[in-house]
K.L.:
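Here it is, the structure in full.
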Amino acid sequence: MPAQIIDGKKVAEETRKQIREDVEAWVAQGNRRPHLQVLQVGTDPASTTYIGAKTRACKDVGISTGTTHLPDTISPKELKKDIYKLNNDDTIDGILVQLPLPNHLSSHDVIESIDYRKDVDGFHPMNVGRLAVDQPTFRSCTPAGILELFKYYSIHTKSKHAVVVGASNIVGSPMAIMLSRENSTGKATTTICHKYTKDITRHTIDADILIVAAGQPGLIKAEMVKEGVIIIDVGINRIADETTEKGYKLVGDCDFDGLIKKASWITPVPGGVGPMTVAMLMKNTLLAAKKSIYPDAE
Ligand code: NAD
């Protein structure tokens with residue numbers, strides 16, 4: 001039997017509907033409408049597309065938003081000054097610096113300069129650290145969205161072997177933390193693979209749940225997994241396609257057509273993890289506005 005499709009678009013729409021209701025209830029109580037401010041350094045077209053999707057999502061759920069456009073020649077000092085201004089602006093709840101940044105800027109430095117109480121991407125060391133010790137935190141949106149998908153489809157991670165391919169700070173690493181903790185969301189035995197892992201098939205073949213975030217189209221093929229595996233394909237890769245209007249199409253890191261015959265569940269690309277990432281950003285922005293994570297902070 002072919003795998004069942006994990007429909008991230010549908011789950012994200014339902015999640016956003018709930019967030020929209022929560023935002024309106026919050027505003028109806030006399031509170032200011034939550035606000036997310038995005039900073040874009042330069043004019044990278046992929047970044048512009050992602051920001052467009054986030055801006056539309058904000059409008060859809062009733063979160064106010066704005067984008068600060070900065071030149072790609074901006075100095076680290078000037079960029080931090082802009083971030084400090086947003087940190088000190090009481091009308092702004094969430095701050096997101098769109099990555100990647102031009103090479104002369106350190107994303108670590110830039111992220112650390114964001115007030116962790118407004119870090120709705122969940123990338124600040126304070127939030128990552130709290131994630132690692134099971135404290136309430138802004139959870140990185142992509143892995144948090146994947147856990148929401150598991151919840152929606154009653155896919156249990158407890159005592160399973162979860163294998164995460166990719167160890168970046170924004171996806172693979174927080175995903176592995178969330179899965180491996182002995183808390184309500186994780187409880188999985190977790191293996192993390194990256195580009196230095198020798199023979200990744202040794203690990204993927206044993207996975208009950210395989211989460212792939214490597215940015216390598218076609219990396220995972222049917223012969224690398226066992227029957228009944230649950231596949232979460234995080235990859236978003238543009239590959240040339242003359243038959244499309246844009247001249248490219250989006251594919252994940254997994255050979256969908258081969259894997260669908262062997263897996264029990266699988267996410268498509270697009271329409272799988274991506275829409276959930278955006279929905280979780282909306283959720284984090286509302287949490288920031290309500291000061292739900294850091295209630296006692298000044
Ligand atoms: P990254 O480049 O920062 O990290 C890639 C990771 O994959 C690294 O840890 C690297 O060691 C590992 N890797 C690379 N080649 C490998 C190989 N052959 N075998 C094993 N590991 C390998 O990327 P990222 O920011 O984590 O993003 C990964 C992918 O996910 C990209 O395609 C990106 O576009 C996509 N992405 C999607 C969403 C979403 O919402 N769906 C969100 C973020 C990123």
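Atoms within a ligand are numbered from 1 in the order they appear, just like the ligands themselves. Bear in mind that the values here come from a model prediction, so they are computed numbers and not experimental data.
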K.L.:
Quick one about Gln37 and Lys118 (side-chain donor to acceptor, distance below 3.5 Å, no hydrogens or angles considered), yes or no?
P.N.:
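Gln37 and Lys118 do not have a side-chain donor-acceptor pair below 3.5 Å.
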K.L.:
Going by the order shown, which atoms of ligand 1 are within less than 4.0 Å of some heavy atom of Val165?
P.N.:
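Within the 4.0 Å cut-off of Val165, ligand 1 contributes 20 (C), 21 (N).
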K.L.:
Considering non-hydrogen atoms of the protein only, which is the closest contact for atom 3 (O) of ligand 1, and what is the distance?
P.N.:
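Among all protein heavy atoms, the one nearest atom 3 (O) of ligand 1 is Ser168 CB, 3.4 Å.
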K.L.:
Can you figure out which of Met280, His194, Met276 has its heavy atom closest to atom 20 (C) of ligand 1?
P.N.:
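Of the listed residues, His194 has the closest heavy atom.
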K.L.:
Could you go through Arg117 and Asp115, starting from their C-alpha distance and side-chain angles, then the distance that decides it, and tell me whether this counts as salt bridge (Lys or Arg N to Asp or Glu O under 4.0 Å)?
P.N.:
CA-CA 5 Å; Arg117 296 164 295 189; Asp115 184 333; 2.8 Å; yes
K.L.:
For ligand 1, which atoms have a heavy atom of Asn237 less than 4.0 angstrom away?
P.N.:
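Ligand 1 atoms under the 4.0 Å threshold to Asn237: 32 (O).
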K.L.:
Side-chain donor-acceptor pair under 3.5 Å between His161 and Thr191, yes or no?
P.N.:
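Looking only at side-chain atoms, Thr191 and His161 do form a donor-acceptor pair, the distance falling under 3.5 Å.
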K.L.:
To which protein heavy atom is atom 5 (C) of ligand 1 closest, and what is the distance rounded to 0.1 Å?
P.N.:
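Protein heavy atom with the smallest distance to atom 5 (C) of ligand 1: Ala214 O, 3.7 Å.
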K.L.:
Would Arg33 and Glu24 count as a salt bridge (Lys or Arg N to Asp or Glu O under 4.0 Å) if you check the C-alpha gap in whole Å, the side-chain angles of each, and the deciding distance to 0.1 Å?
P.N.:
CA-CA 8 Å; Arg33 195 166 282 283; Glu24 289 319 317; 3.1 Å; yes
K.L.:
When you measure from the heavy atoms of Thr197 to every atom of ligand 1, does any distance fall below 4.0 Å?
P.N.:
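For ligand 1, residue contact (heavy atoms, under 4.0 Å) with Thr197 is absent.
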K.L.:
Flag atom 24 (P) of ligand 1 as yes if some protein heavy-atom distance to it falls below 4.0 Å, otherwise no.
P.N.:
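Yes, there is one.
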K.L.:
Donor-acceptor check, side chain of Lys221 to backbone of Asp255, threshold 3.5 angstrom: yes or no?
P.N.:
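It does not hold such a pair.
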K.L.:
Has Ala213 got any heavy atom lying under 4.0 angstrom from an atom of ligand 1?
P.N.:
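It does, in that a heavy atom of Ala213 comes within the 4.0 Å cut-off of ligand 1.
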K.L.:
From atom 32 (O) of ligand 1, work out which of Ile236, Thr277, Leu250 has a heavy atom at the shortest distance.
P.N.:
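Result: the heavy atom closest to atom 32 (O) of ligand 1 is in Ile236.
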K.L.:
Does the side chain of Glu148 come under 3.5 Å of the side chain of Thr15 through a donor N or O and an acceptor N or O?
P.N.:
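Thr15 and Glu148 do not have a side-chain donor-acceptor pair below 3.5 Å.
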K.L.:
Quick one: nearest non-hydrogen protein atom to atom 18 (N) of ligand 1, plus distance?
P.N.:
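Here the closest protein heavy atom is Leu219 CD1, 3.5 Å.
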K.L.:
Does Glu182 CD have over 12 foreign heavy atoms under 6.0 Å away?
P.N.:
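For Glu182, atom CD is not crowded (no more than 12 foreign heavy atoms under 6.0 Å).
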K.L.:
Looking only at protein heavy atoms, which one is nearest to atom 31 (C) of ligand 1, and what is the separation?
P.N.:
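Scanning the protein heavy atoms, the shortest distance from atom 31 (C) of ligand 1 goes to Gly215 CA, 3.6 Å.
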K.L.:
Quick one: look up the protein heavy atom nearest atom 42 (C) of ligand 1 and list residue, atom name and how far away it is.
P.N.:
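Residue, atom and distance for the closest contact: Thr142 OG1, 3.3 Å.
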K.L.:
Would one find more than 12 heavy atoms of other residues, nucleotides or ligands at under 6.0 Å from atom CG of Asn103?
P.N.:
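Counting neighbours around CG of Asn103, 12 or fewer heavy atoms of other residues, nucleotides or ligands fall under 6.0 Å, so no.
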K.L.:
For atom 35 (C) of ligand 1, which candidate among Val234, Val212, Ile220 provides the closest heavy atom?
P.N.:
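Looking at heavy atoms only, Val234 sits closest to atom 35 (C) of ligand 1.
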K.L.:
Would you say atom 27 (O) of ligand 1 has a protein heavy atom nearer than 4.0 Å?
P.N.:
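No, there is no protein heavy atom closer to it than 4.0 Å.
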K.L.:
When you measure from atom 11 (O) of ligand 1 to each heavy atom in Gln216, Arg238, Met175, Lys195, which option holds the nearest one?
P.N.:
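That would be Lys195.
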K.L.:
Using distance alone, determine whether Ile170 and ligand 1 share an N or O pair under 3.5 Å.
P.N.:
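Checking ligand 1 against Ile170, no N or O pair falls under 3.5 Å apart.
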K.L.:
With salt bridge (Lys or Arg N to Asp or Glu O under 4.0 Å) as the criterion, how do Arg181 and Asp134 come out once you've worked through the C-alpha distance, each side chain's angles and the decisive distance to 0.1 Å?
P.N.:
CA-CA 8 Å; Arg181 298 298 299 169; Asp134 286 341; 3.2 Å; yes
K.L.:
For the residue pair Tyr116 and Tyr294, is the inter-centroid distance of their aromatic rings smaller than 6.0 Å?
P.N.:
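Yes, they do, as the ring centres are separated by less than 6.0 Å.
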K.L.:
Report yes if some heavy atom in the side chain of Ile200 is under 4.5 Å from a heavy atom in the side chain of Ile220; otherwise report no.
P.N.:
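Touching, per the 4.5 Å side-chain cut-off.
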K.L.:
Pairs of nitrogen or oxygen atoms closer than 3.5 Å, one from Ala167 and one from ligand 1: do any exist?
P.N.:
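Yes, Ala167 has an N/O under 3.5 Å of an N/O on ligand 1.
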K.L.:
Side chains of Gln4 and Tyr153 only: does a donor on one sit below 3.5 Å from an acceptor on the other?
P.N.:
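Side-chain D/A pair, Gln4 to Tyr153: absent.
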K.L.:
What protein heavy atom is closest to atom 43 (C) of ligand 1, reported as residue, atom name and distance in Å?
P.N.:
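Scanning the protein heavy atoms, the shortest distance from atom 43 (C) of ligand 1 goes to Val171 CG2, 3.7 Å.
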K.L.:
Can you sort out which atoms of ligand 1 are near Gly166, meaning under 4.0 Å from one of its heavy atoms?
P.N.:
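Ligand 1 atoms under the 4.0 Å threshold to Gly166: 6 (C), 7 (O), 9 (O), 12 (C).
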